[in-house]
There are 2 protein chains.
Amino acid sequence: MQITRQADYALRAMLYLAREYPKKDERAATSKIAEEQEIPASFLAKIISQLSIAGLIQTSRGAKGGVRLARKPEEISLLDVVEAIDGPISLNECVDDPSVCSFGDNCPIHDVWCEAKAQLVRKLRDATFDKLLEKENAKV
Amino acid sequence: MQITRQADYALRAMLYLAREYPKKDERAATSKIAEEQEIPASFLAKIISQLSIAGLIQTSRGAKGGVRLARKPEEISLLDVVEAIDGPISLNECVDDPSVCSFGDNCPIHDVWCEAKAQLVRKLRDATFDKLLEKENAKV
DNA sequence: GTATTTTCTATCTTTATGGTAGAAAATATA
DNA sequence: TATATTTTCTACCATAAAGATAGAAAATAC
């Protein structure tokens with residue numbers, strides 16, 4: 001049970017953009033992000049596109065174009081990014097769609113998955129990019 | 001991010017066997033488990049085999065053969081079953097194998113995944129089958 | 001208007017999942 | 001002991017998703 005490589009790459013890219021966020025008027029080139037964050041350059045294009053559709057970043061083409069965060073780092077969490085790429089974190093099919101399982105509310109396992117999901121989601125929602133940058137700076 | 005169907009089926013099968021556990025000398029037939037728990041019968045064979053290798057159940061062939069838990073319900077948790085089928089719950093590659101990521105300890109995201117994993121593992125380890133049966137009985 | 005820099009999208013390969021059917025093994029019973 | 005029965009076990013296949021790439025499309029600077 002893991003997030004996809006795409007989601008991991010997306011997180012790296014977003015972390016990079018969060019660092020660059022103070023430089024208000026600049027946009028980062030995809031190629032630059034790929035190099036710095038060790039992401040296959042041609043693979044990052046697809047990920048950038050998805051993040052853009054999800055409204056997490058703004059993109060612009062052409063010379064001087066590039067990518068930047070669509071909103072402040074404190075308004076973006078790990079959950080936002082992971083769900084934008086991998087879809088909802090359900091842990092088990094029945095959590096997000098109880099109709100797939102005929103046992104429904106009688107199943108004691110169902111409850112555990114629901115609690116586990118809630119707990120995980122809380123953790124990831126709490127991890128906003130401003131907090132991550134703070135931690136990073138504290139380490140150095 | 002979900003467990004596989006196999007893992008879900010394995011949980012259902014184990015829940016059934018936990019209910020049957022008091023009948024000390026009987027063994028449940030795979031076909032019976034499949035029918036009761038709504039699992040594709042021929043698919044369950046593969047899952048039973050994996051659970052047996054993992055030491056969670058005892059199997060015996062032939063007439064009067066079948067399957068039963070290898071130890072008490074209170075000594076088996078959801079974590080045991082899920083990991084036996086799907087492998088370790090790592091949430092992200094870097095959690096169980098930090099060498100795959102060159103950023104290592106400098107990465108603030110890594111820490112979040114480690115905490116999230118620990119939290120999830122704790123939850124699943126705490127959910128033993130005797131507790132699940134208790135809950136089930138309380139509902140009826 | 002053209003060249004350059006960038007995002008975007010259609011396509012391919014590989015891997016894993018979900019599922020099946022038939023072989024092999026073991027026991028009860030005649 | 002032979003045979004029929006009941007079961008586990010294993011090799012196989014089809015489908016879908018993931019990972020990755022190269023070339024098309026778009027926008028801007030000059």
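These values consider heavy atoms only, across backbone and side chains, with no hydrogens, waters or symmetry-generated copies. Lettering follows sequence order; numbering is per chain, from 1.
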Please give, in whole Å, the distance from [N] [atom2] to [X] [atom1]?
| X | N | atom1 | atom2 | result |
| --- | --- | --- | --- | --- |
| Gln6(B) | dT20(C) | CD | C1' | 13 Å |
| Leu44(A) | dA20(D) | CG | C1' | 12 Å |
| Ile57(A) | dT6(C) | CD1 | P | 15 Å |
| Lys32(A) | dT5(C) | NZ | P | 16 Å |
| Arg5(A) | dA17(D) | CZ | C1' | 16 Å |
| Lys64(B) | dT27(C) | NZ | P | 14 Å |
| Gln2(A) | dT17(C) | CD | P | 11 Å |
| Arg27(B) | dT6(D) | CZ | C1' | 14 Å |

Sugar-phosphate, base or nothing in reach of [X], heavy atoms under 4.0 Å:
| X | result |
| --- | --- |
| Ser31(A) | nothing |
| Ser42(B) | base |
| Ser52(B) | nothing |

> Do Thr128(A) and Glu74(A) have a side chain donor and acceptor closer than 3.5 Å?
Replying inline: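 Side chains of Thr128(A) and Glu74(A): no pair found under 3.5 Å.
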>> Has Asp86(A) got a side-chain atom pairing as donor or acceptor with Thr4(A)'s backbone, closer than 3.5 angstrom?
In response: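 Judged by distance alone, yes, a pair lies under 3.5 Å.
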> Distance-only, no hydrogens or angles: does the Asp80(B) side chain make a donor-acceptor pair with backbone N or O of Ser77(B) under 3.5 Å?
Replying inline: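 Confirmed, Asp80(B) side chain pairs with Ser77(B) backbone.
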From [options], pick the nucleotide closest to the side chain of [X]?
| X | options | result |
| --- | --- | --- |
| Ala45(B) | dC9(D), dT17(C), dT7(C) | dC9(D) |
| Pro40(B) | dT9(C), dT17(C), dG19(C) | dG19(C) |
| Lys46(A) | dG19(D), dT10(D), dT6(C) | dG19(D) |

> Start at the 5' end of DNA chain D and walk down; is the nucleotide closest to Ser60(A) or to Ile3(A) reached first?
Replying inline: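 Between the two, 5'-proximity favours Ile3(A).
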> Do Asp126(A) and Lys123(A) meet the salt-bridge criterion of a basic N to acidic O distance under 4.0 Å?
Replying inline: no
> Would you say Tyr9(A) reaches dG19(D)'s phosphate, i.e. side-chain N/O to OP1/OP2 under 4.0 Å?
Replying inline: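 For dG19(D), neither OP1 nor OP2 has a side-chain N or O of Tyr9(A) closer than 4.0 Å.
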> Are Thr30(B) and dT8(D) close enough that a side-chain N or O sits under 4.0 Å from OP1 or OP2?
Replying inline: yes
>> The test is side chain to side chain contact (heavy atoms under 4.5 Å, CB included); show your working for Glu136(B) and Leu132(B) and say whether it passes.
In response: CA-CA 6 Å; Glu136(B) 193 171 55; Leu132(B) 295 175; over 6 Å; no
